[in-house]
2 protein chains.
Amino acid sequence: MTVVPRLLSASQPPIDGIFRALSDPTRRRVVERLNRSPASVSELAQPFDMALPSFIEHLRVLEGCGLVHSQKTGRIRTYQLAPEPLKLAENWLAEQRALWERRLDQFDDYVLKLKEKDK
Amino acid sequence: MTVVPRLLSASQPPIDGIFRALSDPTRRRVVERLNRSPASVSELAQPFDMALPSFIEHLRVLEGCGLVHSQKTGRIRTYQLAPEPLKLAENWLAEQRALWERRLDQFDDYVLKLKEKDK
DNA sequence: CCAATACTAAGGTTTTTACCTAAGTAACAT
DNA sequence: ATGTTACTTAGGTAAAAACCTTAGTATTGG
């Protein structure tokens, strides 16, 4: 398969963590929010009814898989989206769909005949 | 935001479970395999070095979130892919990218105007 | 009928996740 | 200098996830 330079594959988050991160509604909402603009921890936390340390753990998960970056200036940490991992996940899904659709084309006739038979 | 009819949203698997299911490499490989053709439990399990009951649990997770369907004929249970949930996840990701790109455009405009001003 | 096949059920362990509270530290405003 | 703000650290609980083994139940081929 495709051999990726070690440094790149190490710095690029594995797709496991990306899907894992996106499986939580809180984290997805954070991503949706960061699509609009960068924001601080407390701005991000404000809509959620959750203790701050719990929320911050979500931010850490997002940063851990590379979906966001953060930097601290003074006492404020600002988060911003890093779209590459989203692209990675989207690509995997797109590939599955492409394969599926190719297969559907190949077997269209067969499927149609099966449905005829069902009646 | 978008209001979805209750019946639809209930029968359509929530995106949480889809991303969650896809976060496991075993389950992603099953999806990749099922893209080629339907297959039985043991066919699907064959490439994995894992006790069968453990593997079957993965299949249950996939079916639980709607990513696959199965039917039993005799003693053989056959699994097949159900692409709609994949589409759902892909759509969410695509939307994020669209928003992100729109924001980048806006930023470009902003930068351009700044540069105009400089002159 | 009987053994092999193809799953399935039951139950147990370890790790991870998602939350919490309480108590910090560092920066800023007054 | 002191209180308020903005996070951070530490630690603790409960539920879920990902494995395992052992012991089933149907089907089917000989």
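Every chain is numbered from 1, with letters handed out A, B, ... down the list of sequences.
- Within the structure, salt bridge (charged side-chain N to carboxylate O under 4.0 Å, His left out) pairs that include any residue of residues 58-74 of chain A comprise A:E57-A:R60 (at least two apart or interchain).
- For B:E32, the side-chain hydrogen bond (donor to acceptor under 3.5 Å, both in side chains) partners are A:W92, not counting sequence neighbours.
- Taking B:N91 as the reference, nothing meets the side-chain hydrogen bond (donor to acceptor under 3.5 Å, both in side chains) condition, with sequence neighbours excluded.
- Put simply, chain A comes within 4.0 Å of DNA chain C, heavy atom to any atom, from C:dT17 to C:dC28, going 5' to 3'.
- When the P atom of D:dT8 is taken as reference, atom CZ of A:R60 falls 7 Å away, rounded to whole Å.
- The existence of a salt bridge linking A:R20 and B:D24 is excluded, since no basic side-chain nitrogen approaches an acidic carboxylate oxygen closer than 4.0 Å.
- The shortest distance between side-chain heavy atoms of A:L22 and B:I15 does not fall below 4.5 Å.
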Name each donor-acceptor pair under 3.5 Å that joins a side chain in residues 40-51 of chain B to protein atoms two or more places apart or in another chain, with its distance.
residue, atom, partner, partner atom, Å
B:S40, OG, B:E43, N, 3.2
B:E43, OE1, B:S40, N, 2.8

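- Figure legend: B:R97 and B:W100 shown without cation-pi pairing, the cationic atom not lying both under 6.0 angstrom from the six-membered ring centre and within 45 degrees of its axis.
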Summary of protein contacts for nucleotides 18-30 of chain D, nucleotide by nucleotide, where a base hit scores B, a sugar-phosphate-only hit scores S (4.0 Å, heavy atoms): SSBBB----BS--
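- Looking at A:Q96, A:E101, A:R102 one by one, the single match for side-chain contact (heavy atoms from CB on, under 4.5 Å) with B:N35 turns out to be A:Q96.
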